[in-house]
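Side-chain atoms are counted along with the backbone in the values below, which use heavy atoms only and exclude waters and symmetry mates. In what follows, every chain begins at residue 1, and chains take the letters A, B, ... in the order their sequences are listed.
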Amino acid sequence: MKEILRIIIGLTISCLVAAVVMGSVFAITDRAKKHNEHVKVQETMLGLLGYGKANPPPSELRFATIYRYILNENGNIRLGYMLPVFENGRETFEFMIVTPDGDFVEKLPLKIEPDAASEGPERETALKSALKRSTIFSFADSSIVALKGKDRIAYLLPSEFPGFKTFIKVMLALDARFSVIGLEIMEHEEDPGLGAEIAQPYFKNQFKGKAFDRLKELKVVKEPLPDEYKLALEGKALGKGAVSREEVDALRQKYQGKDIFAITGATISSRAVTDGVINAAKKFSYRLKALEKVIAAQQIAVAF
Amino acid sequence: MKARKKTNSQLFFNGILKENPIFRLALSMCPAVGISTSVMNGILLGVAVLFVQVFSSCTISAIKNYIHPRIRIPTYTLTIATWVTVIDLMLAAFVPAAYKEMGIFVKLIVAFAIITMRLETFACKNPVGPSFWDGVGMGLGFTFGMVALGLVRELLGMGTILGYDVLGFRPLLFFVLPAAGFFCVGLMMAVFNYMEIVYNRRRKAL
């Protein structure tokens with residue numbers, strides 16, 4: 001009996017110590033980690049649009065984010081869109097509720113600062129005070145519209161889907177006609193050397209430039225990636241030292257209509273990414289069209 | 001153990017050659033087979049293991065007198081998991097550039113046999129100093145093994161070393177696939193065993 005007690009106490013104490021250590025490290029690092037992630041997302045967004053250190057973004061470039069929520073109003077499923085709007089020249093948010101078929105239900109003003117809107121908990125408190133108490137809501141996804149002045153230059157879609165091991169988080173960039181501008185893998189835990197190759201340029205850049213109609217029917221083929229295509233995807237041109245953009249573009253053009261070449265030894269991961277990208281693009285184009293119809297009918301002064 | 005006490009430098013080299021975790025102790029074969037597809041992977045995983053091994057070894061040898069023998073294995077796992085979490089969070093917060101490369105490797109480490117085994121056979125019987133050197137030796141030995149495997153597999157499979165094209169063609173793509181990992185590990189073990197036989201024979205001849 002004494003033995004058991006000692007074991008129990010020993011284990012409990014070591015677990016507590018471990019918990020305290022991990023907890024305090026988490027408390028110390030959490031802010032810096034969040035900040036790093038935020039910076040990474042910003043950099044990725046600009047990178048997908050072709051801006052970076054060498055090519056700084058123009059000052060009129062801005063991002064407007066639409067947050068989509070799923071609501072349960074006493075058993076009725078509704079979609080809630082948190083839309084950035086212009087009100088007296090200031091940017092605020094408005095919450096619009098529609099049925100799953102795209103019929104307008106109601107719209108509510110939201111009390112939230114534009115800077116605070118990127119934080120999930122802040123949005124939740126704002127929504128709680130705006131919605132009826134009995135309504136249950138949960139965050140679905142967000143879509144970012146990149147604008148240059150008043151023109152939409154791209155849609156940036158953070159997306160998440162199951163990979164070979166756990167979820168793969170990506171950021172997909174579509175142009176105004178839903179063709180793929182680029183794909184960036186944000187977070188994944190696939191196997192190094194196999195599934196982790198999805199983050200390599202020779203895989204993710206295969207999506208670049210695929211038109212929306214082609215994207216919808218995109219498949220994964222288990223064929224070796226042609227060498228010249230690989231070089232083009234990696235941004236290197238053929239031949240020693242002869243780096244010309246035209247050559248790379250010509251090669252990319254040549255393989256534009258091709259399907260996605262699977263990564264050797266990681267067909268499941270390749271398929272997961274391809275299906276995830278197709279899904280994200282398809283659903284987004286469908287939802288955006290439905291949303292725009294409602295916005296036009298309700299004459300909401302949206303900021304995108 | 002106490003009968004033949006080793007000096008720190010002996011402990012250090014013990015892990016690299018005589019008791020190399022991969023080729024001599026045949027521990028942590030999963031990463032050795034699965035991840036050693038390139039030199040870079042080997043280095044990153046090796047460095048991650050090195051840190052976790054050293055920290056865990058020191059922790060366990062410092063608190064060894066307070067651990068009830070019946071619950072030592074859970075305590076080891078707890079210690080390793082804590083260090084892995086701490087390193088993971090620290091990297092993510094303060095060295096995001098390194099985290100981008102190392103992140104997936106660090107999370108894999110919790111289940112590595114080599115770390116638990118060194119805690120069980122060495123750290124819980126020795127003071128902090130020797131445990132530290134044993135940890136460093138084992139970590140470097142693991143890194144060395146992973147790099148050696150990665151070198152062979154990357155060169156033969158992709159024709160590159162550290163991503164630089166060396167051969168200009170791919171001799172045998174088979175070598176980057178998981179199955180070839182077993183072949184490589186087996187062949188390397190044979191080489192190490194052969195070296196030991198030759199070494200012992202020469203020593204006898206002297």
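More than 12 non-hydrogen atoms from other residues, nucleotides or ligands lie less than 6.0 angstrom from CD of A:Gln42. Atom CZ of B:Phe51 has 12 or fewer heavy atoms from other residues, nucleotides or ligands within 6.0 Å. More than 12 heavy atoms of other residues, nucleotides or ligands lie within 6.0 Å of CZ in B:Phe94, so this atom counts as buried by the packing criterion. The number of heavy atoms from other shown groups lying within 6.0 Å of NZ (A:Lys34) does not exceed 12. Few gaps surround NZ on B:Lys64; more than 12 heavy atoms of other groups in view lie less than 6.0 Å from it.
Between chain A and the options B:Pro74, B:Pro96, B:Ser38, the largest number of non-hydrogen pairs under 4.5 Å is found for B:Pro96. Between chain A and the residues B:Leu89, B:Thr82, B:Ile63, the largest count of heavy-atom pairs under 4.5 Å involves B:Leu89.
Between A:Leu11 and B:Ile71, the closest heavy-atom pair is N-CD1, 3.7 Å. Minimum interatomic distance between B:Ala92 and A:Asn36 (heavy atoms only, all atoms of both residues): O-ND2, 2.8 Å. Across all non-hydrogen atoms, the minimal contact from B:Leu78 to A:Ala18 is CG-CB, 3.9 Å.
Note that CG of B:Asp88 is 11.5 Å distant from CE of A:Met22, once rounded to the nearest 0.5 Å. Between atom NZ of residue A:Lys40 and atom OH of residue B:Tyr99 there is a gap of 8.5 Å, rounded to the nearest 0.5 Å.
Side-chain contact check for A:Arg6 versus B:Arg70: every heavy-atom pair is 4.5 Å or farther apart. With contacts defined as side-chain heavy-atom distances shorter than 4.5 Å, the pair A:Val21/B:Val86 qualifies.
Proximity to chain A is limited to the side chain of B:Thr85, based on heavy atoms less than 4.5 angstrom apart.
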